[in-house]
Trainee: 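Okay, handing you the structure first.
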Amino acid sequence: MTRKIGVIGMGHVGSTVAHYIVAMGFADDLVLIDKNEAKVKADALDFEDAMANLPFHINITVNDYSALKDADVIVSALGNIKLQDNPNADRFAELPFTRQAVKEVAQKIKESGFNGKIVAITNPVDVITSLYQKITGLPKNHVLGTGTLLDSARMKRAVAERLNLDPRSVDGYNLGEHGNSQFTAWSTVRVLGRPLTELADKRGLDLEKLDKEAKMGGWTVFQGKKYTNYGVATAAVKLVNVILSDSLTELPVSNFREEYGVYLSYPAIVGRDGIVEQAQLDLTEEELQKLQTSANFIKEKYQESLQAKD
């Protein structure tokens with residue numbers, strides 16, 4: 001069975017996603033799409049030049065939406081990162097640009113006859129994932145966003161640093177919006193076989209500070225180089241591979257939660273059929289309130305996007 005992946009948007013993130021796929025041989029066929037024809041053709045040639053020194057061969061197609069018809073997964077990485085260069089670290093600054101671009105792209109995806117899974121990275125990711133689902137008409141469980149898969153990784157890195165551990169030894173989730181209203185659900189975080197809340201006092205951990213560090217991690221990277229790419233691209237490719245391999249892995253990704261009536265990040269089992277099953281966490285009252293606040297915010301911005309005359 002051949003594995004075919006599309007990447008739409010070949011900026012910092014999209015090209016990093018594509019490079020990871022090419023370097024690791026995660027696909028047999030790769031479709032690269034970008035409005036900047038010179039850039040996407042240059043990337044394709046660069047990848048082909050790399051293949052002579054790689055153990056894998058990948059067939060690359062450029063700027064052909066019809067080639068997406070039989071793709072397994074499409075990764076949406078389009079955006080305009082310069083719009084995020086604002087003092088509020090606000091991912092919604094990109095929305096007027098991305099919602100217009102996504103409305104066009106989603107329509108072209110639909111017209112191609114694509115019937116696979118969509119993984120959205122494009123910010124603000126929860127609203128954008130909702131738009132992709134509505135415009136393409138794909139089942140809700142086949143359209144998902146990277147969401148807080150990256151923020152949860154940032155939280156794990158921050159906790160692991162304090163405890164001198166590998167971040168993969170920390171379990172737990174950041175939930176809600178991939179943005180300013182997200183939060184670390186400390187009731188879900190476990191380390192050394194115990195809830196982190198039990199260890200926090202003994203180990204002198206300031207959970208509020210760690211929560212902020214996870215939330216602002218992307219902004220810290222952005223301030224240093226004016227974009228982020230490695231962390232989010234790795235999260236996206238992990239999600240793509242979980243879908244392709246049908247590995248049925250529990251991940252905190254942006255998925256449609258019926259009880260909130262919106263896409264937001266909450267752990268779900270992901271496999272070849274997209275969202276296969278949704279987890280039900282035993283959250284504290286405070287965490288439930290934070291999640292509701294996040295859901296309300298996403299819903300409000302989504303409704304604005306539907307009504308916008310772009």
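Keep in mind that what you see is a predicted model, and the values were worked out from it rather than measured.
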Trainee: Mind checking what makes salt bridge (charged side-chain N to carboxylate O under 4.0 Å, His left out) contact with K238, not counting sequence neighbours?
Mentor: none
Trainee: For the pair K4 (side chain) and A27 (backbone), establish whether a donor and an acceptor sit closer than 3.5 Å, ignoring hydrogens and angles.
Mentor: no
Trainee: Between R3 and D28 (salt bridge meaning N to carboxylate O under 4.0 Å), is one present in this structure?
Mentor: yes
Trainee: V276, L144: one ILVMFWY side-chain cluster at the under-4.5 Å cut-off?
Mentor: no
Trainee: For K41, give me all partners under salt bridge (charged side-chain N to carboxylate O under 4.0 Å, His left out), at least two apart in sequence or on another chain.
Mentor: E37
Trainee: Which heavy atom of A185 sits nearest a heavy atom of L175, and at what distance?
Mentor: CB-CD1, 3.7 Å
Trainee: For the pair T284 (side chain) and E287 (backbone), establish whether a donor and an acceptor sit closer than 3.5 Å, ignoring hydrogens and angles.
Mentor: yes
Trainee: Over all heavy atoms of both residues, which pair between S254 and S265 is shortest? Give the atoms and the distance, please.
Mentor: N-OG, 3.5 Å
Trainee: Tell me, which pairs form a ring-ring contact (aromatic ring centres under 6.0 Å, His included) where one or both residues lie in residues 237-260, sequence neighbours left out?
Mentor: F256-Y263
Trainee: Taking atom types as modelled and ignoring hydrogens, do the side chains of E177 and S181 form a donor-acceptor contact shorter than 3.5 angstrom?
Mentor: yes
Trainee: If hydrophobic clusters are built from ILVMFWY residues whose side chains come within less than 4.5 Å, do I298 and L306 share one?
Mentor: yes
Trainee: Listed by chain and number, what are the salt bridge (charged side-chain N to carboxylate O under 4.0 Å, His left out) partners of E300, not counting sequence neighbours?
Mentor: none
Trainee: Is the shortest side-chain N to carboxylate O distance from R162 to E213 below 4.0 Å?
Mentor: yes
Trainee: I need the full list of ring-ring contact (aromatic ring centres under 6.0 Å, His included) pairs touching residues 2-34, with sequence neighbours left out, sorted by first then second residue.
Mentor: H12-Y227, Y20-F26
Trainee: Sequence neighbours left out, what pairs pass ring-ring contact (aromatic ring centres under 6.0 Å, His included) with at least one residue falling in residues 124-150?
Mentor: none
Trainee: Could you give all pairs that pass the salt bridge (Lys or Arg N to Asp or Glu O under 4.0 Å) test and reach residues 125-146, with sequence neighbours left out?
Mentor: none
Trainee: Write down the atom of V17, the atom of A236, and the distance for their closest heavy-atom approach.
Mentor: CG2-CB, 4.4 Å
Trainee: Is E286 salt-bridged to K290, going by a charged N under 4.0 Å from an acidic O?
Mentor: yes
Trainee: Is atom CG of N115 surrounded by more than 12 heavy atoms (other residues, nucleotides or ligands) closer than 6.0 Å?
Mentor: no
Trainee: Taking the side chain as everything from C-beta on, heavy atoms only, tell me whether V105 gets closer than 4.5 Å to I33.
Mentor: no
Trainee: Would I269 end up clustered with V143 when hydrophobic side chains under 4.5 Å apart are linked, directly or stepwise?
Mentor: no
Trainee: Between K299 and G261, is there a donor-acceptor pair closer than 3.5 Å when you use the side chain of the first and the backbone of the second?
Mentor: no
Trainee: Could you list the residues that satisfy side-chain hydrogen bond (donor to acceptor under 3.5 Å, both in side chains) with Q303, not counting sequence neighbours?
Mentor: none
Trainee: Linking directly or through intermediates, with side-chain heavy atoms under 4.5 Å: list the remaining ILVMFWY members grouped with L163, chain and number order.
Mentor: M155, V159, L165, V170, W186, V189, V191, L192, L196, L199, L205, L207, L210
Trainee: What heavy-atom pair brings L283 and L291 nearest, and what distance separates the two atoms?
Mentor: CD1-CD2, 4.1 Å
Trainee: Nearest 0.5 angstrom please: L251 CG to T146 OG1, how far?
Mentor: 11.0 Å
Trainee: If I compare all heavy atoms of V125 with all of G145, which pair ends up nearest, and what's the gap?
Mentor: CG2-CA, 4.1 Å
Trainee: Give the cluster check for V40 versus M51: same hydrophobic cluster or not, with ILVMFWY residues linked at side-chain heavy-atom distances below 4.5 Å.
Mentor: yes
Trainee: Ignoring hydrogens, what is the shortest heavy-atom contact between T129 and A120? Give both atom names and the distance.
Mentor: OG1-CB, 3.6 Å
Trainee: Going by the side chain to side chain contact (heavy atoms under 4.5 Å, CB included) test, name the single residue among L149, L281, T184, T148 that passes it with Y173.
Mentor: L281
Trainee: According to a 4.5 Å side-chain heavy-atom criterion applied to Ile, Leu, Val, Met, Phe, Trp and Tyr, with indirect links allowed, do V62 and V13 form part of one hydrophobic cluster?
Mentor: yes
Trainee: By side-chain hydrogen bond (donor to acceptor under 3.5 Å, both in side chains), which residues pair with Q107, not counting sequence neighbours?
Mentor: E111
Trainee: Rounded at 0.5 Å granularity, tell me how far CG in N123 sits from OG1 in T228.
Mentor: 8.0 Å
Trainee: Using modelled atom types and a 3.5 Å cut-off, is there a donor and acceptor pairing between side-chain atoms of N141 and backbone atoms of D273?
Mentor: yes
Trainee: Could you list the residues that satisfy side-chain hydrogen bond (donor to acceptor under 3.5 Å, both in side chains) with D246, not counting sequence neighbours?
Mentor: none
Trainee: Would you say the side-chain atoms of N255 pair up with the backbone N or O of Y266, donor to acceptor, closer than 3.5 Å?
Mentor: yes
Trainee: Answer with yes or no whether the side chains of S76 and T122 bring together a donor and an acceptor at under 3.5 Å.
Mentor: yes
Trainee: Would you say L138 and F114 make side-chain contact, with heavy atoms under 4.5 Å?
Mentor: yes
Trainee: Under a single-linkage rule joining Ile, Leu, Val, Met, Phe, Trp and Tyr whose side-chain heavy atoms are separated by less than 4.5 Å, which residues share a cluster with F56?
Mentor: none
Trainee: Please walk me through it: do L131 and S305 pass side chain to side chain contact (heavy atoms under 4.5 Å, CB included)?
Mentor: CA-CA 8 Å; L131 283 175; S305 294; 4.3 Å; yes
Trainee: Pick out which of V102, I109, D34 makes a side chain to side chain contact (heavy atoms under 4.5 Å, CB included) with I8.
Mentor: I109
